[in-house]
Every structure is written in structure tokens, then in C-alpha cells.
Amino acid sequence: MSARSVEVVLTKAGRTKIRYPADVVSDDGHRLTVRAPWAAEGVRDFGFVRFEPGDVFVEHYWRDRWYAVKEVRSADGTLKGWYCDVTRPAAIDGDEVVVEDLDLDLWVSADGSEVLRLDEDEFAASGLTAADPEAAACAVVALDELEVLGREGLIDLLGVGPSR
């Protein structure tokens, strides 16, 4: 029996940023967890972490939460950390997972020593606060919640700790 696959579609400001295939790990009707290799071309060096070919992402998407959490491992299985995207709740329809990126992100290093809020300038410049104040407020609350979870070492409480 082969694993079920889905296509993850990340959108931003009404445009598709990236789409890639992923294998479904679990779906309890509340949270969908998928596994996918690094989907972009080449290396992306953020300074605090490098995403590169061979990296594996275990991605958690909720139907009712304003974020997605991605556990990032190197090709040899070493945990790099968690990249958290602030998004609208995932729209999961059949074999497609559509997630709208709201610019805010959080990085939590594998050992929990680094918890970095990212792209707040992009969020401010996006115009979301004026265009959709309710969504903007939900995005800020989600980032704050993720930061607390990251700083208190509670990422595991989301059920997204190291893959078992």
C-alpha cells in the first residue's frame, strides 16, 4: 500500500509562491502532518539556519489555527529546528493543502536557544492591517503564541516535537 500524497500550495497576496508534493504522515481531522523534501531550488541561507537539498520537512497544518509548524532536519536526520509560518488556517480539499502566508514567521533552533521573530517589517508593509484587520490581529496573536511556546520549550505540546 502506498502512502497518500498531497500537493502543498503556499500562497501570498493572492499568488502562488510555491507548490510541492508531500506524503501524508497523519490526519486526525484537526491537524494534517506531511513529510516533504526541501522544495526550493538550491540553498537558502538565512544566517541562523540553512535550508538545502536533502533537508526533510515534517510540516503540521491545522484547519483552525493561524500557523503552520515545520520541523526541519538535515539529510542525515539531525534536527535543525522549527520554522513556524503565520498563515490563515489551512484549506485542505482532497489532495491539495492551500495555505496563505501572512508574512510573519518564527524560528526555534533545535536546542531552543534561539527564538527569532521574522519578517515583521514585511507584515507591516503588506497592508493586511488595513485590508483585513481581523486577519491581521489573528496573525499577531498567532506569532505571540508561537513565541511563548518556543521560549518556554513547549513546541512539543503542539505535538510537533522530534519525529518519533
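Predicted model, so just to flag it, every value in this text is computed and none were measured.
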> Does the side chain of L146 reach to within under 4.5 Å of the side chain of V69, using non-hydrogen atoms?
Replying inline: yes
> Does D95 pair with R4 as a salt bridge, N-O distance under 4.0 Å?
Replying inline: yes
> Thinking salt bridges, do E71 and K80 make one under a 4.0 Å N-O criterion?
Replying inline: no
> Would you call P37 and D55 a side-chain contact if the rule is heavy atoms closer than 4.5 Å?
Replying inline: no
>> Working note: R88 + D132, criterion side chain to side chain contact (heavy atoms under 4.5 Å, CB included); need CA distance, chi angles, decisive distance, verdict.
In response: CA-CA 12 Å; R88 290 184 190 271; D132 190 343; 2.9 Å; yes
> If every non-hydrogen atom of A36 is compared with every non-hydrogen atom of P21, which pair is closest and at what distance?
Replying inline: CB-O, 3.7 Å
> Which one of L118, V86, L128 satisfies the side chain to side chain contact (heavy atoms under 4.5 Å, CB included) criterion with F123?
Replying inline: L128
>> Less than 4.5 Å apart, side chain to side chain, heavy atoms only: is that true for T11 and V98?
In response: yes
>> Ignoring hydrogens, what is the shortest heavy-atom contact between P53 and G42? Give both atom names and the distance.
In response: CD-O, 3.3 Å
> Of all heavy-atom pairs between L104 and A139, which one has the smallest distance, and what is that distance?
Replying inline: CD1-O, 3.8 Å
> If only atom types and distance count, is the side chain of R151 paired as donor or acceptor with the main-chain N or O of V115 below 3.5 Å?
Replying inline: yes
> Is the backbone N or O of P133 less than 3.5 Å from a side-chain atom of T129, with the two atoms forming a donor-acceptor pair by type?
Replying inline: no
> Roughly how far apart are Y67 OH and D105 CG, rounded to 0.5 Å?
Replying inline: 14.5 Å
> Below 4.0 angstrom, N of the basic side chain to O of the carboxylate: do R50 and D45 qualify?
Replying inline: yes
>> Counting C-beta onward and ignoring hydrogens, is there a side-chain heavy-atom pair between F48 and W107 closer than 4.5 Å?
In response: yes
> In this structure, are over 12 heavy atoms from other groups packed under 6.0 Å from D93 atom CG?
Replying inline: no
> So, for F51 and F57, is the gap between ring centers shorter than 6.0 Å?
Replying inline: yes
> How long is the gap from CD on E59 to CH2 on W82, to the nearest 0.5 Å?
Replying inline: 15.0 Å
> From L149 CG over to C84 SG, what is the distance, rounded to the nearest 0.5 angstrom?
Replying inline: 8.5 Å
>> Nearest 0.5 angstrom please: E122 CD to D101 CG, how far?
In response: 8.5 Å
> Taking atom SG of C138 and atom CD of E145, what is their separation to the nearest 0.5 Å?
Replying inline: 11.0 Å
>> What verdict does the salt bridge (charged side-chain N to carboxylate O under 4.0 Å, His left out) test give for E100 and K12, after you've listed the backbone C-alpha separation in whole Å, the side-chain angles of each residue and the deciding distance to 0.1 Å?
In response: CA-CA 6 Å; E100 183 181 349; K12 185 171 177 177; over 6 Å; no
> Considering only heavy atoms from C-beta outward, does the side chain of W66 approach that of P89 to under 4.5 Å?
Replying inline: yes
> Under the 3.5 angstrom rule, does the side chain of D28 hit a backbone N or O of R31 as a donor-acceptor pair?
Replying inline: yes
>> Within the structure provided, determine whether L106 and L143 are in side-chain contact (heavy-atom separation under 4.5 Å).
In response: yes
> Is there a donor-acceptor pair closer than 3.5 Å between any side-chain N or O of D85 and the backbone N or O of T87?
Replying inline: no
> In the hydrophobic clustering (ILVMFWY, side-chain contacts below 4.5 Å, transitive), which residues join V24, or is it alone?
Replying inline: V6, V8, L10, I18, Y20, L32, V34, Y61, I92, V97, V99
> Are D27 and R63 close enough that some pair of their side-chain heavy atoms sits under 4.5 Å apart?
Replying inline: yes
